[in-house]
Amino acid sequence: MAFTRNFHGKRRAEADPARVPPGQYVTPGFPVLSAGPTPKVVAGDWTFTVRGAATSPVTWTWEAMRALPAESITVDIHCVTKWSKLDTSWTGVSLDILLDSVETRAGYAVAFSEGGYTTNLPMADLTGGKAWLVHEFGGAPLEPEHGGPVRLLVPHLYFWKSAKWVRGLELREQNEPGFWERYGYHDYGDPWREQRYAGD
Ligand SMILES: Nc1nc2c(c(=O)[nH]1)N[C@H]1C(S)=C(S)[C@@H](COP(=O)(O)O)O[C@H]1N2
Ligand SMILES: [Mo]
């Protein structure tokens, strides 16, 4: 009986275990995880550039990005340090829309951020309705510590792939590790296969 569980000290309803990847716990909070200080990025000065791998570079300003159709997304996110947060809601532009105007056969991308952070992803994981450039969290402008004004959101991979303060994508024919991947984190980072570290 449900009240018996509550009586024994379960304060919150258990999350649906089918939504929590192996080794993760659900947190109601929103931890901040940054490898360095929060850079100052002013929305009006922000640009997003796609370049590399035989592509003529394309740059969007904040205004150009905001003029593109935005969507609201509610997804679960999973950090490799083992917290998961369910039903996070974001507003942003699908990378499909941005990459639509980029002519490339590159199979990989390295997302790069203000401050020097990088992370690598296959192009197939940035397209097909799986990745967004988001500028709102929970209906409010994205806070600087969470990557505002604009971060990448790739919720089907561990959250280190969702580069905060993202400034662009470097397209690559060959896969190359980013910041955490070079420190021994898994190249791909699928939380459902628990791909935390290289070799997992
Ligand atoms: N630019 C940048 N992006 C980043 C990071 C970072 O240190 N720098 N940390 C990553 C990690 S490890 C995680 S778990 C998430 C944390 O996002 P949050 O601080 O909004 O929870 O951002 C990812 N994106
Ligand atoms: Mo993380």
Side-chain angles (χ1 to χ4, degrees), residues 15 19-43 45-51 62 65 72-93 95 108-122 125-126 130-170 176-198 200:
R19 291 175 65 182
V20 186
Q24 298 290 111
Y25 67 89
V26 172
T27 177
F30 194 175
V32 172
L33 276 104
S34 304
T38 297
K40 262 216 167 60
V41 185
V42 177
D45 298 333
W46 176 89
T47 57
F48 186 79
T49 298
V50 179
R51 64 184 189 215
W62 166 260
M65 185 276 292
S72 295
I73 317 120
T74 300
V75 287
D76 302 340
I77 55 178
H78 312 290
C79 174
V80 74
T81 64
K82 303 201 165 178
W83 57 268
S84 289
K85 186 170 176 59
L86 306 185
D87 294 320
T88 61
S89 56
W90 309 82
T91 306
V93 177
L95 272 188
Y108 301 91
V110 177
F112 58 91
S113 295
E114 189 80 27
Y117 185 85
T118 57
T119 187
N120 59 309
L121 305 108
D125 291 88
L126 290 173
K130 295 197 283 288
W132 295 266
L133 282 188
V134 293
H135 60 273
E136 280 184 17
F137 173 77
L142 185 59
E143 299 280 358
E145 63 264 35
H146 287 300
V150 183
R151 79 180 295 166
L152 193 60
L153 176 67
V154 192
H156 70 288
L157 299 177
Y158 279 125
F159 209 34
W160 87 77
K161 298 285 183 180
S162 294
K164 305 198 278 189
W165 318 292
V166 69
R167 293 297 306 275
L169 299 175
E170 182 93 34
E176 271 175 54
F179 178 79
W180 285 121
E181 294 84 4
R182 238 176 271 137
Y183 274 101
Y185 282 83
H186 197 276
D187 187 71
Y188 184 66
D190 179 350
W192 294 97
R193 288 186 276 167
E194 215 171 345
Q195 295 175 334
R196 299 178 193 277
Y197 308 105
D200 283 350

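Read the numbers this way: they start at 1 and go in the same order the structure lists the ligands and their atoms.
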| message | Applying a heavy-atom cut-off of 4.0 Å, say which part of Ser113 lies close to ligand 1: side chain, backbone, both or neither. | response |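 Contact part for Ser113 vs ligand 1: side chain (C-beta onward).
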
| request: Pick one of side chain, backbone, both or neither for how Arg151 approaches ligand 1, counting any non-hydrogen atom pair under 4.0 Å. | output: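 Under 4.0 Å from ligand 1, Arg151 contributes side-chain atoms alone.
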
Quick one: which ligand 1 atoms are inside 4.0 Å of a heavy atom on [X]?
X      : answer
Trp165 : 1 (N), 2 (C), 8 (N)
Cys79  : 14 (S)
Ala163 : 3 (N), 24 (N)
Ala35  : 6 (C), 7 (O)
Pro31  : 18 (P), 19 (O), 21 (O)
Val32  : 19 (O)
Trp83  : 21 (O)

| Partner of Glu114 under salt bridge (charged side-chain N to carboxylate O under 4.0 Å, His left out), chosen from Lys40, Arg167, Lys164 |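 Passing option: Arg167.
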
| query | Can you name the one residue among Tyr183, Phe179, Trp160 that meets ring-ring contact (aromatic ring centres under 6.0 Å, His included) with Tyr117? | reply |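 Single pass found, and it is Phe179.
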
| Taking it one step at a time, do Arg19 and Asp87 satisfy salt bridge (Lys or Arg N to Asp or Glu O under 4.0 Å)? | CA-CA 10 Å; Arg19 291 175 65 182; Asp87 294 320; 2.8 Å; yes

| message | Suppose we measure from atom 11 (C) of ligand 1 to each protein heavy atom; which comes out shortest, and what is that distance? | response |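 Nearest neighbour among protein heavy atoms for atom 11 (C) of ligand 1, to 0.1 Å: Trp160 CA, 3.6 Å.
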
| message | Among all the protein's non-hydrogen atoms, which is closest to atom 9 (N) of ligand 1, and how far away is it? | response |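 Ranked first by proximity to atom 9 (N) of ligand 1 is Leu33 O, 3.2 Å.
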
| field | Nearest atoms (heavy-atom pairs only) where Glu194 meets Tyr158 | value |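 Shortest heavy-atom contact: CA-OH, 3.5 Å.
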
| field | Nearest heavy-atom neighbours spanning Leu152 and Ser162 | value |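 Result for this residue pair: O-CB, 3.1 Å.
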
| Given side chains that start at C-beta, do those of Arg151 and Trp165 come closer than 4.5 Å, heavy atoms only? |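 Side-chain contact under 4.5 Å: no.
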
| What distance do Leu169 atom CG and Leu121 atom CG have between them, rounded to the nearest 0.5 Å? |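 Leu169 CG to Leu121 CG: 8.0 Å, rounded to 0.5 Å.
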
| request: Return yes if a side-chain donor-acceptor contact under 3.5 Å exists between Ser34 and Glu145, otherwise no. | output: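 No donor-acceptor contact under 3.5 Å links the two side chains.
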
Candidate with minimal heavy-atom separation from [atom], of [options]:
atom                    : options                       : value
atom 6 (C) of ligand 1  : Tyr185, Phe30, Tyr117, Trp180 : Tyr117
atom 1 (N) of ligand 1  : His146, Lys164, Lys85         : Lys164
atom 15 (C) of ligand 1 : Phe159, Tyr158, Phe137        : Phe159

| Stepwise ring pair (Phe, Tyr, Trp, His ring centres under 6.0 Å) check, Phe159 with His78 | CA-CA 6 Å; Phe159 209 34; His78 312 290; 9.1 Å; no

| query | N/O of Ser162 under 3.5 Å from N/O of ligand 1, yes or no? | reply |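 Yes; the residue has a nitrogen or oxygen that sits under 3.5 Å from a nitrogen or oxygen of the ligand.
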
| query | So, the side chain of Thr88 versus the backbone of Val75: is there a donor-acceptor pair under 3.5 Å, distance only? | reply |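 Checked: pair present.
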
| At the 4.0 Å heavy-atom cut-off, does Gly147 count as touching ligand 1? |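 False for this residue.
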
